[in-house]
Amino acid sequence: NAGVTQTPKFQVLKTGQSMTLQCAQDMNHNSMYWYRQDPGMGLRLIYYSASEGTTDKGEVPNGYNVSRLNKREFSLRLESAAPSQTSVYFCASSLDRALPYGYTFGSGTRLTVV
Amino acid sequence: QKEVEQNSGPLSVPEGAIASLNCTYSDRGSQSFFWYRQYSGKSPELIMFIYSNGDKEDGRFTAQLNKASQYVSLLIRDSQPSDSATYLCAVNRPPGNQFYFGTGTSLTVIP
């Protein structure tokens with residue numbers, strides 16, 4: 001049982017380049033999330049998808065776009081990377097956003113923008 | 001004011017002692033409270049959650065919730081070196097069951 005799988009694990013981008021972070025879960029969860037984690041800032045929500053076909057902005061959505069491709073997959077795209085987007089990105093899923101259950105996190109993507 | 005506040009630590013305890021981690025939250029509408037453990041370079045993993053006032057025990061871990069004082073704590077009994085990690089507190093509240101995470105407390109258990 002893989003849980004939540006994120007790719008890639010590491011990435012270095014030049015300012016202005018674009019990339020897509022991939023996330024897939026095999027737990028039949030309805031809700032999926034993208035967070036970034038920065039020192040001293042904690043985990044901050046970028047975007048979430050409460051269910052297949054819906055996406056909504058979180059706390060820090062600027063500079064990002066998302067796609068809920070199907071129930072399993074939720075991708076995060078950086079159209080024009082900036083050094084301020086250097087961070088560790090975590091995808092997470094939960095059974096249902098309406099239910100107060102905890103998240104299952106992916107292993108993370110360490111992104112450096114130079 | 002931050003939604004969730006934690007003392008960043010580091011907190012150091014000797015092996016076998018009780019480690020006490022604390023968290024306060026600002027919104028009285030918060031409904032569910034979670035503790036995650038995060039090893040260095042790894043992703044957060046859920047340890048336990050609590051909804052009701054009082055204590056909830058799971059093995060060596062006890063979560064304590066006091067809604068009147070707006071704090072939640074995690075006690076780790078018989079601390080082991082493998083418990084050395086950063087512990088994240090998270091709360092969940094309406095609208096939309098939004099999650100808010102604290103910045104974490106770093107715990108070191110000294111053999």
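Sequence lines set the chain letters: A, B, ... in the order given, protein chains first and strands last, and positions in each chain run from 1.
Contact annotation for Q6(A): neither backbone nor side-chain heavy atoms come within less than 4.5 Å of a heavy atom of chain B. Using a 4.5 Å cut-off between heavy atoms, R44(A) makes no contact with chain B at all. Only the side chain of L45(A) comes within contact range of chain B, with heavy atoms under 4.5 Å apart. With a 4.5 Å cut-off on non-hydrogen atoms, Y100(B) does not touch chain A at all.
Under the 4.5 Å side-chain contact rule for hydrophobic residues, L88(B) and L107(B) do not share a cluster. Hydrophobic clustering of Ile, Leu, Val, Met, Phe, Trp and Tyr side chains at less than 4.5 Å, counting indirect connections, keeps F49(B) apart from L21(B). F61(B) and L75(B) fall into different hydrophobic clusters, defined by Ile, Leu, Val, Met, Phe, Trp and Tyr side-chain heavy atoms under 4.5 Å apart, directly or through other members. I46(A) is not connected to L43(A) by any chain of hydrophobic side-chain contacts under 4.5 Å among Ile, Leu, Val, Met, Phe, Trp and Tyr, and they are in different clusters. Cluster annotation: W35(B) and V91(B) are assigned to the same hydrophobic cluster (Ile/Leu/Val/Met/Phe/Trp/Tyr, side-chain heavy-atom contacts under 4.5 Å, transitive).
Closest approach of G106(A) to S43(B), counting heavy atoms only: O-CB, 2.8 Å.
Side-chain rings of Y103(A) and F34(B) stay apart, their centers remaining 6.0 Å or farther from each other.
To the nearest 0.5 Å, atom OH of residue Y35(A) and atom CZ of residue F99(B) are 7.0 Å apart. For the atom pair CD (Q38(B)) and CZ (F90(A)), the distance works out to 5.0 Å, reported to the nearest 0.5 Å.
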Please test Y36(B) against F105(A) for side chain to side chain contact (heavy atoms under 4.5 Å, CB included), starting from the C-alpha separation and ending with a verdict.
CA-CA 11 Å; Y36(B) 287 82; F105(A) 284 88; 3.7 Å; yes

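For CZ of R60(B), the number of neighbouring non-hydrogen atoms (other residues, nucleotides, ligands) closer than 6.0 Å is greater than 12.
Here the side chains of L46(B) and T104(A) are not in contact, with every heavy-atom distance at 4.5 Å or above. With a 4.5 Å cut-off on side-chain heavy atoms, F101(B) and M41(A) do not count as touching.
In this structure a side-chain-to-backbone donor-acceptor pair under 3.5 Å is missing from T103(B) to G42(A).
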